[in-house]
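Data block below; observations after.
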Amino acid sequence: MARRATASLCGFAGMAALVAAISTMTVTAVSAHPHVWVTMTSEVVYAPDGSVTGVRHAWTFDDMYSAFATQGIESKTKGVFTREELAPLAAENATSLKEFEFFTFAKLDGRKAEFGDATDYWAEYKDSLLTLHFTLPLQTPAKARRVDLEVYDPTYFVDFSFAKENPLVLKNAPSNCQLSVKKPSDAEVNAKIQSLGEAFFAQADASNYGANFANKVSVRCR
Amino acid sequence: MRLQGLLRRALPGGERSDDRRHGKFGWALLAVGGLAAVLLLLVMTGAFDSAFAQGSPFGMRPSARAAPEFGGIVGWLLAKQAEFYRMLSGLIRAAKVDGAAVWGLLGLSFIYGIFHAAGPGHGKAVISSYLLANEETWRRGITLSFASSLLQASVAVLLVGIAAVALNATAKSMNSAVRAIEMVSYGLIALVGIRLTWVKGRAFIHSLRDWRARQVGDDPAPLAPIAHDHTHAAHEPPHSHVHGHGHAHAHEHAHAEHAHHGEGGHDHAAHDHSAHAHAHHHHQHATAAMHQHDEQRHETHDHAAHEHDDHCGHSHGPDPEQLAGSGGWQRGLSAIIAVGLRPCSGAILVLVFALAQGLFWAGVASTFVMGLGTAITVATIATFAVGAKSVAKRIAAHRAGGGVFILRGVEAAAAVLVLFFGVALLAGYMVTERMI
């Protein structure tokens with residue numbers, strides 16, 4: 001009997017090992033690290049009456065993706081692309097990004113804003129970096145005391161962050177409106193660091209970690 | 001009708017009508033048990049949250065959240081590999097002016113490969129589940145890992161070499177090519193999953209019947225070697241000629257392989273002795289020579305000449321030369337192709353970037369070194385999977401019928417998992433690396 005009981009215990013241990021193995025694999029099967037980095041400068045566009053009409057983005061891609069995206073595009077001078085030469089690329093992106101809701105999630109006074117199709121899109125190539133410009137018009141322009149703008153890829157294939165300089169410009173905004181770039185709060189950073197554990201802190205330079213949060217901005221009007 | 005014959009074997013003297021009833025019961029239990037196991041695992045690991053985040057049919061999105069946050073080791077791994085990846089472009093650029101930078105590039109590519117494979121990705125999950133579902137050795141696990149990584153690197157180099165270098169194709173057409181390859185790859189994973197589920201599901205039912213029979217018969221562990229005949233119905237393996245080798249091969253094989261290999265051109269899961277009513281879990285053949293089965297002899301295959309003992313684990317694995325032989329390669333080939341066919345997004349980006357810098361060869365070298373790093377990590381995970389399986393098998397050997405039953409259940413669940421990965425990837429429900 002004793003032998004049987006021991007065997008049963010071992011059996012549980014073995015199954016636990018198997019389950020752990022499969023669990024590890026399942027976890028590893030769900031997502032990827034970013035392969036594309038985008039540095040953004042954006043504008044919140046206002047109508048003369050003070051209502052928000054849309055968001056205008058300028059997304060600059062990292063060097064590798066810039067090379068990939070421009071691969072095979074005909075140009076008069078090798079390695080230099082004009083706005084005209086890049087027009088088909090800009091159009092394609094403006095269309096295909098729709099599927100991903102342009103990775104742009106905005107709230108007007110806490111309510112989710114719906115965007116229409118991208119307009120005024122064009123691309124430029126400077127210093128080996130590709131920048132895509134486009135405007136996202138709100139389906140229904142509205143006045144809002146508070147605008148929250150967040151840009152992210154839920155699958156984290158693309159890493160978005162606002163530029164350090166002039167991350168967001170307010171265009172024709174009422175004078176009582178102010179920009180506030182949401183820096184991570186101390187609590188958020190602490191929670192993050194704790195979740196990473198002491199080992200991370202000891203080994204890695206954690207000073208840049210807050211950059212992961214720098215994809216949210218908001219506008220407040222008094 | 002093969003199935004009914006199979007079930008009858010498991011319960012000698014059982015009535016035919018009884019068989020049917022039990023058959024239904026078995027299928028139901030298999031379906032419920034397998035699904036429950038898979039669902040439990042997925043819920044436990046929170047896979048549903050992330051796996052269905054993108055393109056969900058219910059329109060669910062993680063609301064008001066930044067990039068998915070990974071804590072602990074996974075988070076650290078992700079942060080690190082992203083950092084390494086970003087350093088690659090700088091080193092490629094540096095290699096343009098300073099040849100010595102290539103060494104740095106290769107070193108970083110290797111480390112990136114190791115880290116990259118340790119992070120998320122469906123390849124490891126499929127390979128590991130595949131290894132769990134099958135009777136495989138660690139050697140085979142490592143071979144599978146290296147072969148699929150090598151194939152993956154080769155596909156990336158070939159794709160960029162042909163599309164970008166030779167045809168000067170655009171990113172758009174390369175994306176289309178990748179997507180087409182992806183679909184084929186995912187479809188193959190689903191096919192491998194379907195076949196595994198079918199074979200392992202049957203083996204599971206077999207062992208379930210065996211276990212139940214033992215419960216009823218109150219005969220927990222028959223120990224003595226008992227001679228018994230195999231009818232053709234029970235003996236005939238569910239031949240699945242995925243790899244296109246003919247019948248001639250199917251009926252001529254070493255018996256060692258015959259009993260242990262559940263995967264490949266011909267599948268002998270249904271023939272597994274551990275699932276027999278007599279519980280001869282471990283048998284060694286008096287003659288290790290090649291058996292020449294013709295149809296007549298196959299009809300009544302006498303096992304009396306074989307030695308049996310009461311251990312479950314088929315501990316004697318295939319010899320190295322067997323692994324290298326045609327049968328050895330063919331059995332794992334479907335998995336290698338299914339997993340390795342799809343090129344890694346990172347490798348394609350590196351290759352195109354290197355091409356744009358006029359250093360395509362550096363990109364090629366980087367891609368293969370990356371593949372080497374990936375192979376090492378995947379092989380480690382695969383070895384763990386094989387090790388866990390062999391531990392469980394050894395334990396199952398001590399647990400009479402119940403252990404085998406659980407073991408077969410785990411195999412069946414792993415088989416369903418492979419199928420799930422294939423279907424989820426095909427349907428686009430599962431987030432994996434993608435190009436935009």
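Atoms considered below: every heavy atom in the structure, side chains included; atoms not considered: hydrogens, waters and symmetry mates. Throughout, protein chains are lettered first and strands after them, A, B, ... in sequence-line order, and every chain is numbered starting at 1.
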Under a 4.5 Å cutoff for heavy-atom pairs, which residue among Lys172(B), Gln357(B), Arg86(B) has the most contacts with chain A? Arg86(B)

What closest approach, in Å, do [X] and [Y] show between heavy atoms, and which atom pair accounts for it?
X	Y	result
Ile73(A)	Thr170(B)	N-CG2, 4.4 Å
Gln71(A)	Val352(B)	CB-CG1, 3.8 Å
Asn168(B)	Gly72(A)	OD1-CA, 3.4 Å

To the nearest 0.5 Å, what is the distance between OG on Ser345(B) and OH on Tyr65(A)?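 The OG atom of Ser345(B) sits 11.0 Å away from the OH atom of Tyr65(A).
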
Spacing of CD1 belonging to Ile92(B) relative to CE belonging to Met64(A), to within rounding of 0.5 Å: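 Taking CD1 in Ile92(B) and CE in Met64(A), the distance rounds to 5.0 Å.
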
For Lys112(A), does the NZ atom have more than 12 heavy-atom neighbours from other residues, nucleotides or ligands under 6.0 Å away?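 More than 12 heavy atoms, drawn from other residues, nucleotides or ligands, come within 6.0 Å of this atom.
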
For Phe360(B), does the CZ atom have more than 12 heavy-atom neighbours from other residues, nucleotides or ligands under 6.0 Å away?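 Buried by this count: over 12 neighbours within 6.0 Å.
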
So among Leu355(B), Asn175(B), Val350(B), which one has a side chain to side chain contact (heavy atoms under 4.5 Å, CB included) with Phe68(A)?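 Of all the options given, the one that passes is Asn175(B).
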
Give the ring-plane orientation class for Tyr85(B) versus Trp37(A), where under 30° counts as parallel, over 60° as perpendicular and anything between as tilted. parallel

Where does Ala169(B) contact chain A at under 4.5 Å (heavy atoms): side chain, backbone, both or neither?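 Only the backbone of Ala169(B) comes within 4.5 Å of chain A.
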
Hey, does Phe353(B) have a side-chain heavy atom less than 4.5 Å from the side chain of Asp62(A)? no

